[in-house]
2 protein chains.
Amino acid sequence: MSIAKNSPDQSGEDFDYDLLPGLIGYNLRKAQAAAFQDFSESLKGCDITPGQFGVLVLIEANSGLNQTRLGNALGIDRSTVVAVIDRLEGRGLVAREPAPSDRRSYALRLSEQGRALLHRARALVLAHEERIAKGLNSKEQAQLIKLLSRLGGAS
Amino acid sequence: MSIAKNSPDQSGEDFDYDLLPGLIGYNLRKAQAAAFQDFSESLKGCDITPGQFGVLVLIEANSGLNQTRLGNALGIDRSTVVAVIDRLEGRGLVAREPAPSDRRSYALRLSEQGRALLHRARALVLAHEERIAKGLNSKEQAQLIKLLSRLGGAS
DNA sequence: TATTGTTATACTCTATAACTATA
DNA sequence: TATAGTTATAGAGTATAACAATA
């Protein structure tokens, strides 16, 4: 096996990427794919995806929020949130509790197990961040985050 | 409807994102999601995804390449390439031709229709790129691409 | 009427393992 | 033995449309 998983072509032969390397979108996709792969390996012990990590963080930091607000914060549809929470609840990491003020909605909370897993995951995520950004110094990392946050009208 | 599709929380109420805004991975995901959304809207007439656009570009620029090399160039598994090409072939945009030198593999080519669609798509993609990067000047755009390309060990 | 959560449905992307044909 | 493509299978992410319960 001469080519590692998910790595770009290394076959020495000429390959023409045309306009792709000049596109922000293409570089974004590639960088995100690389980050996703490293994330998965780094958090193998926790078995969570970047999106699930974000959900756990937001629930812990905003305990009692409902699914609609969580979806708005993440920029995903309510119907998508259902499946995300289903998985997390199925693993005993998140609980749907009755919301005191509105019987249509749930108050989302982390279980003890969820809190413990998130604690472990945080440390692994920080190590993962260091690894993917090891080619950049702190100033460049800050610059990258600033530029990314200004993309897509988040302004 | 006070909240636009896939936009971050605008409910005025306090919301705690905790460590997320400081993570490269989180900002990468957010930026990519915004770019994907804009791409989809921009290329509605062509009905292709960013990944499919990349495949069409690479096939045109490297006519006759096989699925394995394409997968290597994109960093995706051979089995994933099959479904991707199936869809494109099903729409008559790509053709699997017998490879002259190796009867195990196909030589991928764009159909006339595929070439025409790619021609239209290129213009739309460039407009899309301008739109998502409208908050950045040329120097910042170049800087962003440079920083992104140095993430994930692509070094 | 509007909102929350849900279900049904659908599409894309992704991978692993095992298989066939060919090298 | 190794490689190219395929299939079966699985999981995650995403959305739209329609529905029940509640506001």
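Letters A, B, ... are given to chains in the order of the sequence lines, protein chains preceding strands, and every chain is numbered from 1.
Applying the 6.0 Å contact sphere to CD of B:Glu130 captures no more than 12 heavy atoms from other residues, nucleotides or ligands.
Within the nucleic acid shown, B:Tyr106 comes within 4.0 Å of sugar-phosphate atoms alone, with no base atom in reach, counting heavy atoms only. Counting any heavy atom pair closer than 4.0 Å across all strands shown, B:Thr49 reaches sugar-phosphate atoms only and no base atom. Among the protein residues, A:Arg78 comes within range of the nucleic acid bases, having at least one heavy atom under 4.0 Å from a base atom.
Between A:Arg115 atom CZ and A:Gln113 atom CD the span is 12.0 Å, to the nearest 0.5 Å.
Between B:Arg69 atom CZ and D:dG5 atom C1' there is a gap of 17 Å when expressed in whole angstrom units. Distance A:Asp47 CG to D:dA10 P: 17 Å, rounded to the nearest Å. The interatomic distance linking B:Leu74 (CG) with C:dT14 (C1') rounds to 13 Å, in whole Å.
Here A:Thr80 reaches the OP1 or OP2 of D:dA15: one of its side-chain N or O atoms lies under 4.0 Å away. Contact check, A:Ser79 against D:dA15: no side-chain N or O comes under 4.0 Å of OP1 or OP2. Listed pair A:Gln67 / C:dT3 fails the phosphate criterion, with no side-chain N or O lying under 4.0 Å from OP1 or OP2. Contact annotation: A:Arg87 side-chain N/O to D:dG13 OP1/OP2 distance is under 4.0 Å.
Aromatic ring pairs are classed by plane angle as parallel below 30°, tilted from 30° to 60° and perpendicular above 60°; the pair A:Phe39 and A:His128 is perpendicular.
Side-chain contact of B:Thr68 with B:Asn66: a donor-acceptor pair under 3.5 Å is absent, judged by distance alone.
Comparing D:dG5, C:dT7, C:dC13 by their closest approach to the side chain of B:Ser105 singles out D:dG5. When distances are taken from the side chain of B:Arg104 to each of C:dT12, D:dA2, C:dG5, the shortest belongs to D:dA2. Listed nucleotides C:dT4, D:dG5, C:dC13 differ in distance to B:Asn66; the shortest reach to its side chain belongs to D:dG5.
Counting heavy atoms from C-beta on, the side chains of A:Glu140 and A:Asn137 come closer than 4.5 Å.
At a cut-off of 3.5 angstrom, the base of C:dT22 holds no donor-acceptor pair with the side chain of B:Arg103.
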